[in-house]
Amino acid sequence: MKNIDCLIMVINMQNLELKQGIHDSIPIIMGYLPLGVAFGVLANEVGMTITQATIMSVLCFTGAGQYIAIGVMQAGGAVFTIILANVLVNLRYLLFSTSLVPFLKERVPTAIGSLLSYGLTDETYAVAMNRYQNHAPTASYMAGLNISSHLGWILSTLLGAILGSYIGNTDRLGLGFALPAMYICLLVFMIKRKSDLYVALTAALVCLLIGYLVPSTMSNLSNIILATIIAASLGVMISERD
Amino acid sequence: MIFGVALVSMLPRILPVALFSRYEFAEPLKKWLSYVAPAVLGSLTALSVLAPEGFVDISIHNRFIWAFIPTLVIAIKTKSLFATLFIGIVTMALLYNFVQF
């Protein structure tokens with residue numbers, strides 16, 4: 001009897017974690033909506049079928065990378081160019097994923113953690129890291145957050161691909177500010193020490209400066225990688241004085 | 001094409017968790033990694049507000065900068081993601097519909 005009670009408690013807790021993950025994905029999905037729809041519309045315009053556009057969002061889940069693919073296709077570029085650009089665009093996830101390891105270790109089974117990490121994006125990363133500051137990670141939470149965000153991306157692509165050009169300008173709804181607003185808020189949550197603030201400001205400055213001086217880094221997002229490496233190193237140097 | 005992109009977008013996310021989970025990182029590396037999140041968020045915020053169209057645009061014509069101000073205030077005051085998102089989206093909608101840039 002006691003074992004069953006324990007089992008029920010564990011299942012209840014997992015349910016709660018799953019629900020929390022789904023709940024936390026709502027702002028992400030709101031932000032993905034206009035982006036996914038726009039991707040669906042553009043994919044349609046360069047000649048992809050509804051199925052192809054949707055499958056791309058199922059298998060890829062890389063907003064920036066998918067937009068690049070459309071751009072290169074439009075310009076009549078090679079598949080090799082698309083893939084090479086995507087290697088660069090997705091390189092930052094090596095950093096994101098590695099920084100999650102100390103949290104997931106021994107709390108989420110490696111196989112499940114690795115599989116669920118496929119749902120890692122700028123947004124799910126930011127939300128998850130924020131949660132892990134004061135809650136232990138669980139596979140259920142990761143599943144709720146990452147899978148529902150991915151579903152949001154897939155469904156909005158499908159919507160865009162089906163409705164195509166019938167969709168007017170979604171900018172008027174202000175949804176274009178959903179992701180920036182989320183970043184702003186999560187940044188505020190993430191800053192706990194002075195050194196966090198300096199690191200964030202340095203990263204912002206370096207990222208913009210590199211993007212301004214070498215505009216090509218803006219489309220492959222390598223400026224984020226460089227800015228993160230420089231700012232995190234600065235963080236290590238100044239944190240002793242914290 | 002789709003499978004190629006899928007592969008290169010999948011590997012960098014999955015491999016670190018799959019390969020590094022069995023190792024204990026050295027303290028300095030852990031400390032460095034703990035600054036990755038604030039650095040990434042700093043970069044993302046800066047890019048999304050100051051370069052919303054893919055190029056740096058620091059001018060009074062950039063709506064995102066105007067929307068940034070009340071959004072930041074609400075984020076600091078309320079510490080609520082939903083309130084922040086709501087104010088951000090409403091401000092942006094108002095700027096789009098009622099202010100000529």
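Since we're looking at a predicted model, the values are computed, not measured. Chain letters run A, B, ... following the sequence lines, proteins first, then strands; residues in each count from 1.
Separating the CG atom in Leu41(B) from the CE atom in Met190(A) is a distance of 5.0 Å, to the nearest 0.5 Å. The CD1 atom of Ile184(A) sits 5.0 Å away from atom OG1 of Thr71(B), with the distance rounded to the nearest 0.5 Å. In this structure, the separation between CG on Leu81(B) and CD1 on Ile26(A) is 10.0 Å, given to the nearest 0.5 Å. Rounded to the nearest 0.5 angstrom, Gln66(A) CD and Ile2(B) CD1 are separated by 9.0 Å.
Pairs engaging residues 177-205 of chain A under the ring-ring contact (aromatic ring centres under 6.0 Å, His included) rule: Phe177(A)-Phe64(B) [sequence neighbours left out].
Smallest separation of non-hydrogen atoms from Ile14(B) and Ser117(A): CA-CB, 4.4 Å. Heavy atoms only, all atoms of each residue included: Val188(A) and Lys79(B) are closest at CG1-NZ, 4.1 Å. The two residues Gly42(B) and Leu187(A) make their nearest non-hydrogen contact at N-CD1, 3.8 Å. In plain terms, the two heavy atoms of Leu33(B) and Ser99(A) that are nearest each other are O-CB, 3.7 Å. Summarising the geometry of Met1(B) relative to Ala69(A), their closest heavy-atom pair is SD-CB, 4.4 Å, with the distance given to 0.1 Å. Closest non-hydrogen pair, Thr98(A) versus Pro16(B), comes out as OG1-CB, 3.4 Å.
Per-residue counts of heavy-atom pairs under 4.5 Å with chain B were compared for Val87(A), Ile55(A), Leu100(A); the largest is that of Val87(A). Ranked by non-hydrogen atom pairs under 4.5 Å with chain A, the options Ala6(B), Ala51(B), Ser34(B) are led by Ala6(B). With chain B as the partner, the residue from Gly119(A), Ala126(A), Ala178(A), Ala111(A) showing the most heavy-atom pairs under 4.5 Å is Ala178(A). Chain B forms the most heavy-atom pairs under 4.5 Å with one residue out of Gly31(A), Ala200(A), Gly113(A), and that residue is Ala200(A). Chosen from Arg172(A), Met129(A), Met73(A), the residue pairing most often with chain B at heavy-atom distances under 4.5 Å is Arg172(A). Comparing Ser80(B), Ala46(B), Ser43(B) by how many heavy-atom pairs each has under 4.5 Å with chain A, the most go to Ser43(B). Counting heavy-atom pairs closer than 4.5 Å to chain B, the top-ranked of the candidates Ala203(A), Ser114(A), Gly176(A) is Ser114(A). Counting heavy-atom pairs closer than 4.5 Å to chain B, the top residue among Leu94(A), Leu197(A), Asp122(A) is Leu94(A). Heavy-atom pairs under 4.5 Å with chain A were tallied for Ala39(B), Ala83(B), Pro28(B), Gly4(B); the largest tally goes to Ala39(B).
With a 4.5 angstrom heavy-atom cutoff, Met56(A) touches chain B via backbone and side-chain atoms both. Contacts between Tyr125(A) and chain B at a heavy-atom distance below 4.5 Å involve the side chain alone, from C-beta outward. At a 4.5 Å heavy-atom cutoff, Ile191(A) makes no contact with chain B through either its backbone or its side chain. Contacts between Arg22(B) and chain A at a heavy-atom distance below 4.5 Å involve the backbone alone (N, CA, C, O). For chain B, the nearby parts of Ile83(A) are the backbone and the side chain; heavy atoms of each come within less than 4.5 Å. Using a 4.5 Å cut-off between heavy atoms, Tyr23(B) contacts chain A through its backbone alone, with no side-chain atom that close. Of the atoms belonging to Leu15(B), not a single heavy atom falls under 4.5 Å from chain A.
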Please tabulate, one pair per line, all N/O donor-acceptor pairs under 3.5 Å involving side-chain atoms of residues 225-237 of chain A, not counting sequence neighbours.
residue, atom, partner, partner atom, Å
Thr228(A), OG1, Ile224(A), O, 2.7
Ser233(A), OG, Ile229(A), O, 2.7
Ser233(A), OG, Trp32(B), NE1, 3.0

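Side-chain atoms of Arg13(B) never come within 3.5 Å of backbone atoms of Tyr93(A) as a donor-acceptor pair (strictly under, hydrogens ignored). Between the side chain of Asn90(A) and the main chain of Pro12(B), no donor-acceptor pair closer than 3.5 Å is present. Looking only at distances, a side-chain donor or acceptor of Ser9(B) sits under 3.5 Å from a matching main-chain atom of Cys60(A).
A search for side-chain contact (heavy atoms from CB on, under 4.5 Å) contacts involving Leu85(B) returns Pro27(A), Met30(A), Ala181(A), Met182(A), Ile89(B), not counting sequence neighbours.
One side chain, Tyr35(B) or Ser195(A), offers a donor N or O that lies under 3.5 Å from an acceptor on the other.
Considering only heavy atoms from C-beta on, Leu173(A) stays 4.5 Å or farther from Tyr96(B) through its side chain. Looking at Leu47(B) and Asn223(A), their side chains come closer than 4.5 Å, going by heavy atoms from C-beta outward. With a 4.5 Å cut-off on side-chain heavy atoms, Leu104(A) and Phe20(B) do not count as touching.
A 6.0 Å sphere centred on OH of Tyr212(A) holds no more than 12 heavy atoms belonging to other residues, nucleotides or ligands. In this structure, Phe82(B) places its CZ atom where more than 12 heavy-atom neighbours from other residues, nucleotides or ligands lie under 6.0 Å away.
Residues of residues 52-60 of chain B having a heavy atom under 4.5 Å from any heavy atom of chain A, listed by number: Gly54(B), Phe55(B), Val56(B).
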